[in-house]
Amino acid sequence: MKKKLSTRRTFVKKTTIGAAGVALTTSGMSSVFAGVFQDSEKLALLGGIPVRPKGSTLEANWPIYDESDIQMYLDAYKSNWSEHSLDPEEFGQQFQKKYAELMGVNYCVITNAGTNSLEAAQRALDIGPGDEVITQTNTYVATAQSTFNLFALPVLVDSDPETFMINPDLIEEHITPNTKAILPVHIGGAAADMDKIMAIAKKHNLAVIEDVCQAHMGEWRNKKLGTIGDLGCFSFQQFKSLAAGEGGAVIGDDENLMTRIGGYVNNGRDPQQMGRTFPGTNFRPSAFQAANALSQVRRLEDQSTLRDENASHLEKLLSEIKGVRPTKKYAGQTRRAYYSYQLIYEKEHFKGLPKAKFREAMNAEGIDFGKGIDSNLHTDPFVETYLNLRSIKKVYSKERLEKYRNEIHCPVNEHIGKETGLSLGQRVFLGTKKDMEDIVTAIVKIQKNASKLL
Ligand SMILES: Cc1ncc(COP(=O)(O)O)c(C=O)c1O
């Protein structure tokens, strides 16, 4: 025991980088190297013992459920399975009431997917052929698909290198007479700069649809994300912080818009009278999806608080080392969500070690960093797939489509993807403080040994 302790101290001392040593020695790393001291300094990628034991993962099991969730599902099974009447007992109706209250808005319409929530929101604003919607390259493909599917053009804006969000200072240059809306994505769970976005929208008389699919419970100036613009769109897909298997919702305060959304998702039925007075499709969730959403929403605040606490511990530790730091927050962000927590890698603090190699080394230590961005949509083949559709070519001239192709440049987002972006999924933050310490321990270990990987 004595021998182990002294070896551990030696390791901590050796891996100390400036103030990091203080953070690491005082942060209770005691069990990190249990039984592995002799090899603790050797990188796992080079055959050493990993910081996290092989086979262990930082990610909590997901989704989280217990007997009460199963019971809710069984209750749905024993119901009449309907999700499209006015019965307030329907699981979807119950969820809508609860989620609207939680979000602090007047209305919520439950749907069967985040993608379809986005489509319904744009439909309600009558966005269609010839229109343009300003969104970002750093998002899941569904954001842009939902616009293309209405035969409108999603205009993909580059990212802010410090926040990885849509760069608000690039929005205005993309506005044309065809622009109808701005669709910022709170990508990863951090907030887009809603003050600037709302000011631009007001100046140019544009609607704002927030894509909140990755940012449940995040806040801007103490209001829930999704409630700042005209409409907020959520996903409850299996990996999301509120998971129903599949599912989604649109929230908002505007009665007229929300009635149109309620009508659209239910084959055009007026949500109050059920007369078929709206354009429509079927984006209804099943009773089973709605029951899952209703059950899981009970856990949302507690899980979000746990993520807040773990992330704040991680940030404290990271503030004492150099080379990996959280992305900057805009001043209005009062609460972050953690679907994907983004960090910035600075290779100059790792003797020039490329990000890809750093991620590989972290992975070998048992810590799986994501690449920081969701996507570089502007380089994704899906764009050409749409631009070559017969229907799209019928709506837009050859010149317009060529202009579209030539105008999308997003070098900053490409740079983030290649050089600086790192991320950790929401499940990592449902663990323990020790998990956070392991992350920093592994970073410091790689930093100290970076030259051996070059
Ligand atoms: C940013 C973003 N927008 C839209 C979606 C689409 O949601 P869904 O998968 O529920 O259709 C997702 C989900 O993956 C997302 O992450």
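Whatever order the structure lists ligands and atoms in, that order sets their numbers, starting from 1.
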Under the rule for side-chain contact (heavy atoms from CB on, under 4.5 Å), what residues qualify as partners of E172, not counting sequence neighbours? I175, I200, K203, H204
Report the relative orientation of the aromatic rings in F236 and F234; use parallel for angles under 30°, tilted for 30 to 60°, perpendicular for over 60°. parallel
Are R284 and E90 ion-paired here, with the side-chain N under 4.0 Å from a carboxylate O? no
For S241, side chain to side chain donor-acceptor pair (under 3.5 Å) partners two or more places apart: none
Ring pair (Phe, Tyr, Trp, His ring centres under 6.0 Å) against Y338, all qualifying residues, sequence neighbours excluded: Y341, F429
Write down, by chain and number, every protein residue that brings a non-hydrogen atom to less than 4.0 Å from an atom of ligand 1. A113, G114, T115, L118, T139, Y140, A142, T143, V185, D211, C213, Q214, S235, Q237, K240, G247
Using a strict threshold of under 4.0 Å (side-chain N to carboxylate O), is an ion pair present between K97 and E101? yes
